[in-house]
Each structure stands twice: as C-alpha cells, then as structure tokens.
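Read the structure below first, then the notes.
Values reported hereafter were calculated over all heavy atoms of this structure, with side chains retained and with hydrogens, waters and symmetry mates removed. Chain naming here is simple, since letters A, B, ... match the order of the sequence lines and numbering starts at 1 in each. All values derive from a computational prediction rather than experimental measurement.
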2 protein chains.
Amino acid sequence: MRTSQLYFSTLKEAPSEAELVSHKLMLRAGLIKRLGSGLYTWMPLGLKVLRKVEGVVRDEMDKAGAQELLMPTIQPAELWQETGRWALFGPQMLKIKDRHERDFCFGPTHEEVITDIARLELRSYKQLPVNFYQVQVKFRDEIRPRFGVMRAREFVMKDAYSFDASFEGLQASYGRMYQAYSNVFSRLGLAFRAVAADTGAIGGSGSHEFHVLADAGEDLLAYCPDSDYAANVELAEALAPAAPRAAASEALHDVETPKQTTCEQVAGLMGIPIEKTVKLIAVIDAAGKLVIVLLRGDHSLNEVKLGKVEGMDGFRFATEEEIRAAFNCPPGFLGPVGAPAGTRIIADRTVAAMSDWVCGANKPKFHIAGVNWGRDLPEADVVADVRNVVAGDPSPDGRGVLALCRGIEVGHVFQLRTKYSEAMNATFTDVDGQLKPFEMGCYGIGVSRIVGAAIEQNHDERGIRFPLAMAPFALAVVAVGYHRSDAVKAAADQLYAELQAAGVDVLLDDRNERPGSMFADMELIGIPHRLTLGDKGLAEGMVEYVARRGGDLEKVPLGEVAAFIRRKLAE
Amino acid sequence: MRTSQLYFSTLKEAPSEAELVSHKLMLRAGLIKRLGSGLYTWMPLGLKVLRKVEGVVRDEMDKAGAQELLMPTIQPAELWQETGRWALFGPQMLKIKDRHERDFCFGPTHEEVITDIARLELRSYKQLPVNFYQVQVKFRDEIRPRFGVMRAREFVMKDAYSFDASFEGLQASYGRMYQAYSNVFSRLGLAFRAVAADTGAIGGSGSHEFHVLADAGEDLLAYCPDSDYAANVELAEALAPAAPRAAASEALHDVETPKQTTCEQVAGLMGIPIEKTVKLIAVIDAAGKLVIVLLRGDHSLNEVKLGKVEGMDGFRFATEEEIRAAFNCPPGFLGPVGAPAGTRIIADRTVAAMSDWVCGANKPKFHIAGVNWGRDLPEADVVADVRNVVAGDPSPDGRGVLALCRGIEVGHVFQLRTKYSEAMNATFTDVDGQLKPFEMGCYGIGVSRIVGAAIEQNHDERGIRFPLAMAPFALAVVAVGYHRSDAVKAAADQLYAELQAAGVDVLLDDRNERPGSMFADMELIGIPHRLTLGDKGLAEGMVEYVARRGGDLEKVPLGEVAAFIRRKLAE
C-alpha cells in the first residue's frame, strides 16, 4: 500500500485522557479514535493490526480442531435466568429492553447461548468432543473504563467452548486449548507466561491465565525461573519454612516504642531485622466475630487465601472503633499476647515457625520482645498460608526460588465442568445409554486487548515497536524526494512493485513531507523494517536499511533489496 | 475439510416457524440456528458462506479505494441528538442506558459516528475524497422479524461513507460505489438489478437500490429489457399516453349495475374492455378536505406518487362514513360527475387522456357511460402520474416497454449531500480558504441478507444451489464405503490430498452413512460440484462427477480428476 492511499494521521502529543504508554501511542499513531467513554473506533491502520491478531488466533483455533461460528450479540434474558446469572452478573452486563419490553442483554460472554445450542444440537457421545469458537464484539459496562483498548467497554474477544463426554475428555480439550494459546502468543512475538489461576466459586481443577509480561500490568505474577511453575500471586503458595521452629532463648520483655507503630519502625528502633517482627491484622469473620491474623512484619496479607480458611469466606477488616473496643488499645501496638479472651488466632505458616519474636504489647507506646509460642501464648488456632509470596520464596514445586513480574491478562482457559450443562439440563446420551451433562470448558482471548498489551511490552521513546506478526506493515519504504526527483520516483515505484510481487507486506511512503517527519511517522506506527531511497544513495545504486529495533544502518544494492528483505523477514 | 471434522446437522423437515423457502432451507441445511425472535447463530457451515460473501464485498470495496475501519456498535445518544434522529428514528432503534443512566443505542446505522470522526480528522480539501467502510453487526428492532436472515433483528451489514469537497466529487465517489456494488453481485453469481429509488425526505439527486431477483421478493421492480432503465415501482414513471385524447363520440347515459361495484364487474356486464372504465378513490388531504383521485379501472394507486402532488403530503383514505356523508351514495357507485361541489379532482395522466368512459353514477346500483372531460365535467384540477406502472407501459427513457419483476433489496447507495455534515457542523477548508460542509454519500450492503436472497434465487426441490463464489465448499467428494473398503479409503484420502494441494476448496464426506443420505446432504447444503468414489467405479479406475445444477453424470479417470475439476471450476 502507499501512504497516499492509506488514511492515517499521527499526533505529536497524546490527548490528556491517556494514562498508559500503550494508550498514548495508539492515539498518537492514529490506530484508534475515541468515540465515548470506553468506546473506540479502530481506524484503518489500527484495524490492520487487529486483523493480523485475529488471523493468528483463528489459525491456531482451527488447527486445534475448534470450529468457528457466530452467535448473536443480543441475548434473551431467559437463558441467563436458567443459570441464575441474570441476577448475579452485576452492572457490568448491559441490560436492554426491546420494543415489546422483553429483557435482553448485550452479551458479555456466551456460556448460556452455546449451552443452549449444545442441548439442541448434540445428542450423542458420538458427536463429541466438539469445540465451538467465535471472534466477536463484546460489551462490559466497566465502572471506570480506562487504558484505551486495554479496559474498554466494547472490545473484540475470541471465546471458545468445548463439550466432552467425560472429565478425561475435558482435560484433553483443555490441553489442546492451552497449547493453542501458547502457540498464538508465541507466533505474535510476545513475551508471555501462562499461570495457574484461582478457579473461584466454580471449583474444578483447572484454570490458567495467559499474561503478556509488562511493567504496567495490573497483575502480579510469581514464577520459578528454574521450572515451569507460574501462578498469579493471588494463588501462588507460600510454603512453610523448611527448618523447624527454634527453641525459645529470650525472656519476654517490654520494649518502649513511643512513636513506633509499624514493624519497620520497631525493628529500626531495636536494631533487629524486620524478619523478627510480627504484625497483627484484626478482621471480622463471616459470623461477625473478631479474628486475629498474624503475619511476619515484612509480609503482606493475601485476601484470596485468607478467604479460603474455614469460616473466613466473606471476612472484612475490623474498623478502628471495633479494634479499640476489643483491645482497649489503639492500632499500632496490638499483639496476640493478652488479646481479648476467646479470640481465634490464624497464624501464617512463617509466623508459626518463628521464635523469640517481637509484636505489639496491647498497651499504648509499648511492644514486647522474646515472644514464643506455647510459652507466652497458646499455639495458634489455625496455621495457614495467608500471605503473598515474595521474590526468593521457595518455589512450591520444590525446584528453585520464586521471582515476581507484572503481567496483562490476555487469555484465560477454564474447566467449567458441568456447572452450565447441569443448570440448563444440557445432556447427551453416553455410550452406556445414560443421559449425562456435558463436561464443558471455556477459553477466552482478549483480541483487542492484545494490541494494547503488545505495545505496552514493545515500545521506546520514538513509538511502537510491533512484533512482525502484528505490525500493520512488515516494511516501510521511505522515498525521500518522491515529488521532486524523477529518479527517486522511478526507483521507488519499481522497488515497490518488486516487493509486492515478492509477497512483502510493504508500505511505500510517497508523501511530500520532510524526511524527518516521514521517518518519525514510520517509527511511531511501529513498522519493523525500513528502507530509505534518496537521490544521494541512488547515485551509487544503493538504498539504506534500518531495523525499528535498532542496529546499524546497512547499505544495500538496489538490485539485491528483495532478497535482502526476504532474509530479514525470515530472521 | 472432512465431514468428520465439520460440525453440521441437516433436517428432513424445516421447523414450522419458517415461511420462505430460503429460511426453510437454511434451517434444514444447518446453516443457522434460531436463538430468539430475529436472532440467529451462524453455525460453522453457514459462517463459511457468510465469510465468502464478506470476502467478495471487502475485496471490491478495497479495489474501489474505500478503507476499512471498525466503529463501535454502541453509540452515544448525543450524536443522534445533533441530527435530530434520536427522536425521529422510531422503535427500530434499540435504545440503551448504561450503568450511569446515560443514553446509548445499538447502532442501526453509522452516519452520525462517521460524521463525528470526519469533523475531527478531516480538515482540508487535500485529505479528500475519503471513503470509509466497515463490516459489522447491526441491530434493528423489527416489529415482526421474519424470513430468517432476510429480516432478522441482528444482521451483518457493510456500510460505507464517502466524503467529498464538491457535488461533482460526490457523484464520482457514488459512481465508484455503484460500479463496486455491480461487481460484488456479479462476482457472487447472482441475477440482480440496480434500480432508481425514492430519495424520500432527504432530497438530493441520486439513490439506487440493488435487488437480487426472486419471486419471493418484497419489492416490485420495473425495468426495460431494451435499455438500462430500472426503478422500484414506487418510483417508476408512468408516461402520459402518446396519442391525444379522442373526441367525444357517445352521449352520456346511465347503465343499471345492480350488483356490479368494481370496474371489472361493470366491464364484464357491459361487454366492454376494462380500459374504458375509471375508478374513483376518495382521500382526505393534509388540510382535512375531501379529494377525488381518478384511475383507469385496471390501474392501481401509487401512494408515494400521490403523496408528492401538491397538498397531498400525508394524505389518508376516506372512511366509508366520510364517503357516504359526502356523496350520499355507498362506495362502488361513485364518480366525478355530480360529485360534491368544490371537491378537488386529481386525474391520473391516463384518465386525463380518455374519452367516452364509464364510471359510477353517484346513485346506488347505477354507473354512467359515455363520460367525457370538458363536456360532462370540467377538466381535472390536477393531472399527474399517480399510478403504478404495469408491464407493457412505455419505458420512461423512450426506448421500449417496461417489464416487471420482484426483487430482494440487498444494497442501497445514496447521495446524502450535506444533510449530516451541516447538522453536525462537519466542515473542511476548501481550496479557496472557505469552510464548507462535506458532500457525503452512504452505501449499504446487507451481507447476511445476501445469503438468504441468493438461496431464494438458487434452489430446487433438493435444496440449495449456491453459486460457486459463495458455496461453503466448491466440491464435495462422497466416498461410498469409506469405513468398510480399504480401496475406497485409500483412493479418497489420496484424492482429497491431491485436490487440497491443487487449491480446491473440497469437502470429503467420510461419514459412515448410506450413500443416498450423503448425496442428499451434499445437495441440500448446495455444493456446486460433486465427485463420487465407490468400489465399483474404482475397479475401473473411474470416479463419477455430477454438477449440482444438473447435467449428465460424467465418468472421470482417477488420475485426471484434479485437472478435470480445475476446468469445471474455471467454467
């Protein structure tokens, strides 16, 4: 294509609405245009990128044996009422009444619709397994849409749904999708990680998130560089310390801490490592009773894990008023020794293995040191993993230590089991003649979010650095002086025709602009390879090559350009 | 692809909901599945067809210089309020409130959104012309969705919008789109006609509808087989008779018509041609006054044309009560001679040229004959073209006579001029430095409707006969005995691999079904070409070829099949 045939417009500055780098760059490069809150038009240049991502996704889904269909975006409420999600889904779901006052929604996801199709279409185990997918616009009414296409309200999603006769079949379907997702992100040239994810209320054994690694990611991931282990920090297990608890060696004694309310301050005052301190978090359990949670001073509470401790589902933090009433002491000086009688104590595994520790004294301006389990207070009621892992923790698979990184979730695979098929009475006749509910899996990819995530991971001060597989064009040919030099025009037109004939996805910049402005635009929009033609080089029969990702400028004889570029593209 | 890898299911009988042949066949062939009223899932086989249509549309739009983008489906009400269409569009528009109670709609069309983009992006005549298009799901809340995908609520549309600096530029853009549309329907292998269409309230000089010709079409079209003339009957002009009015030759006289209330009955009783009779239609004009409209007995009123006569915009038909009160006579015996004093008379051009005609006598059970203008009643107040053309009428371009056919509207091109750009203050700086509103055109294709219309035009008692360009597969290879004969399996697998290597879009039917059932399925789903492999033929080294559109069965040597099929596909 020629820039003269392509509508695109770049901006020197991003609109002030944009916070994230990827959002700023997508607006500056003219890939998207804002229509309203969380609503974006994909302009021609941006749509080229989106379509390339879609193409890779489709190809890998097809190769994995999934079959594409297209369900309506508008869905009848009745189906959602069958699974109870009409009431449960919350305000993210855009509810609609049609002209006859019947209830519908703009589908935020399609489990109900596909299960309805399955119960009508799939009657026998002989028809299984089946995996249906679609690439479609979804709408989720985010309370605060932001970050451009990364958290838009309307977005493009690939959603797939598998139907199997048995759990073993589901696991095989799940495995194929896991592999297909890995292939997609590899082919797109993205650094990514698949991590074990929380399965929430649904249960079942398997769920993985696929994250594009980027500093701006909303998710914190733990992984083991020496093994396959990776998990969202929400889920990553913190093992109990390998060494047994040391015997008590200090006597219990008060420490005056007139202004020290945090473990860090207390450790600083006492000149001891923070790892010797314990902090108390007062929470209220589901039954409304006060519960004490103990963490080592440098650790942080993992609320997902705490919620899984018996009786703690739906816990909340105690208010300052509740704390003062229970402990008769202000926050900052609380401890388990002499805590209100009958209060349940949940100790993190690390704390349970500590001896001679320091904690609040339950009186203002005092801490106590030399605290020991069994001697100064009873053993904890519950010992559990309730903290977030930190870098250097042993990997749960026993094969090294954990590292942390941030990620942007772009895919999620999930073993639904029979949650939807049972709720909607979607059954098939199995080989034994029995009616059974389908074993289902669901598999989502945030197609439009991938574009933002890829830019978040691949950019520099000059703009976007698209991986080749999703770049709007593979190669830019900048013709300097196209409108004033017949030699440049003739050489550019001929080279353009040659490259097109060779199947190269080339953009010829034939605008009448300053060279610096043309280079800046091609860099901003992230084209991986660039050739420059000008009178000076052509006089020597040479054109200049430079890669968007840097490296030296190379001079290439005009007659060898096509072969040279094919080599570069194959690298 | 193999049938064993393709999810598809066919039905012997169509669900009772289906009225039209195309709807029945799409359900029977498993191309679509109903989700709710006017809501259909495109199943894998149907989606293949839809994607082929989309592919041809995209290719022709790209070739015509239009650029694809993708606008949100959900649109803010504010934009529609700028053009006044938020109030005007009516209940077809699905209105939505988001979680913040702000008004949105599911876009039924995108003039407002694209004009908003243009006023932000296009500032100078140097950027013009531009033509943006998208292929997108639209929603129109039809009061009575029916005919499957032909009048669904959710459907796939290609909508394009051109922006020009001048009316001449608009006409050129319009011409390119007209040609692109003709190319699309030609390439899809459809018998179609572009007809001049009513431009309605928008005015402007140009609008054409593209119709796929089919007996079940909702639109009646007039065209001239000897010229390019074609128009929707709503618009087709009925010329005034070429011959001048003959002189009066009969005296006015009563005819007793005791039971004859229609022109047909009166002509039958009198033994005269119906072309000698005139019927009276009593209507009430915009001001609430009675108006008489006269048509020849065999002609029908064209309400669009009558509405364009001065003072008749928004007319309605008189009620029987109003007629009895005004004429003191029941309907069936009304005529203009002796009609209520001061009643305006609008005569159709044909009636104005008649002499010695027959009409009602304004007394029960009597007509009058030998009626003549100027002698028995004054000349009509208005002579106008207010009837529908009939087959045999002279073509308005003077180059033959008109024929009629029925069509299904699948495309519409429209010169919007500055209606939207003025309403939304969308301007550019012209070459003379002046700010001017864009000259706009809009161009729609009902992508999903095309599939229904194509089937309406191309089917027989055995099912669908898809044109090659939109068939789900070009060729079916039916392997009879694939599961019991090693020879058939080996030959089928090898032939399948060969055809795939030759780039043939082939479906290998490798199911373990009766041959008759496999043939019936391949015919029902409309695959244009079929090869059959069986033990008997293979013993002679032959396979059998038959075309879906009929013709003799041909025997083809196994080694020559690929070349043979390539020839067939090129025909």
Side-chain angles (χ1 to χ4, degrees), chain A residues 5-7 9 30 33-48 50-51 65 67-76 78-79 90-92 94-100 102 104 106 113-114 116-117 120-122 127 130 132 134 136-137 139 141-143 152-154 156, chain B residues 5-7 9 30 33 35-48 50-51 65 67-76 78-79 90-92 94-100 102 104 106 113-114 116-117 120-122 127 130-132 134 136-137 139 141-143 152-154 156:
Chain A
Q5 299 162 338
L6 172 70
Y7 178 77
S9 71
K33 190 91 196 162
R34 184 179 185 272
L35 174 65
S37 173
L39 299 174
Y40 293 90
T41 294
W42 288 84
M43 296 299 288
L45 192 65
L47 190 61
K48 282 185 189 295
L50 187 67
R51 293 280 191 245
Q67 297 188 51
E68 189 173 1
L69 46 59
L70 183 63
M71 293 178 264
T73 59
I74 299 295
Q75 307 179 2
E78 289 76 18
L79 289 179
Q92 275 208 341
L94 198 63
K95 293 182 176 174
I96 301 170
K97 281 191 189 293
D98 75 356
R99 66 193 294 160
H100 303 296
R102 286 181 299 224
F104 290 85
F106 193 128
V113 175
I114 199 73
D116 180 58
I117 290 172
L120 296 168
E121 290 277 320
L122 306 174
Q127 294 173 282
V130 180
F132 291 122
Q134 60 178 356
Q136 192 186 44
V137 166
F139 194 96
D141 202 358
E142 298 281 349
I143 191 160
R153 296 201 289 176
E154 189 169 323
V156 178
Chain B
Q5 297 162 341
L6 171 70
Y7 179 78
S9 72
K33 190 91 198 163
L35 175 65
S37 173
L39 299 173
Y40 292 90
T41 294
W42 289 83
M43 296 299 287
L45 192 66
L47 190 62
K48 281 185 188 296
L50 187 68
R51 293 279 191 245
Q67 297 189 51
E68 189 172 1
L69 46 60
L70 184 63
M71 293 178 265
T73 59
I74 299 295
Q75 307 178 4
E78 289 77 19
L79 289 177
Q92 275 208 341
L94 198 64
K95 292 182 177 175
I96 301 170
K97 282 192 190 291
D98 76 357
R99 65 193 293 159
H100 303 296
R102 286 180 301 224
F104 290 84
F106 193 128
V113 175
I114 198 74
D116 181 58
I117 290 173
L120 295 169
E121 290 276 321
L122 306 174
Q127 295 173 280
V130 180
N131 189 333
F132 291 122
Q134 60 177 356
Q136 192 186 43
V137 165
F139 194 96
D141 202 358
E142 299 279 350
I143 191 159
R153 296 201 289 177
E154 189 169 323
V156 178

Please identify, among Leu120(B), Ile117(B), Leu47(B), Thr41(B), the residue contributing the most non-hydrogen atom pairs under 4.5 Å to chain A.
Thr41(B)
Contact leader toward chain A among Glu121(B), Gln127(B), Arg153(B), where contacts are heavy-atom pairs under 4.5 Å:
Glu121(B)
What is the minimum heavy-atom distance between [X] and [Y], and which atoms define it?
| X | Y | result |
| --- | --- | --- |
| Pro72(A) | Tyr40(B) | CG-O, 3.4 Å |
| Leu69(B) | Trp42(A) | CB-O, 3.1 Å |
| Gln67(A) | Tyr7(B) | OE1-N, 2.5 Å |
| Ile74(A) | Glu154(B) | N-OE1, 3.0 Å |

Heavy-atom side-chain proximity of Arg99(A) to Gln92(B) below 4.5 angstrom:
yes
Any heavy-atom pair between the side chains of Phe106(B) and Thr73(A) that's under 4.5 Å?
yes
Which atoms of [X] approach chain B - backbone, side chain, both or neither, heavy atom under 4.5 Å:
| X | answer |
| --- | --- |
| Leu39(A) | both |
| Leu70(A) | both |
| Gln5(A) | backbone |
| Leu6(A) | both |
| Leu94(A) | side chain |

Let me confirm one number: the CG-CD distance from Leu35(A) to Glu78(B), rounded to the nearest 0.5 Å.
9.5 Å
Approximate separation, where rounding is to 0.5 Å, of Met71(B) CE and Met43(A) CE
9.0 Å
Find the one option among Val156(A), Ile96(A), Ile143(A), Val130(A) whose heavy-atom pairs under 4.5 Å with chain B are most numerous.
Ile143(A)
Using non-hydrogen atoms and a 4.5 Å limit, figure out which bit of Asp98(B) sits close to chain A: side chain, backbone, both or neither.
both
Side chain, backbone, both or neither: which part of Lys97(B) has a heavy atom under 4.5 Å from chain A?
backbone
Are Val137(A) and Gln136(B) close enough, and set up right, to give a side-chain contact (heavy atoms from CB on, under 4.5 Å), and what steps lead you there?
CA-CA 9 Å; Val137(A) 166; Gln136(B) 192 186 43; over 6 Å; no
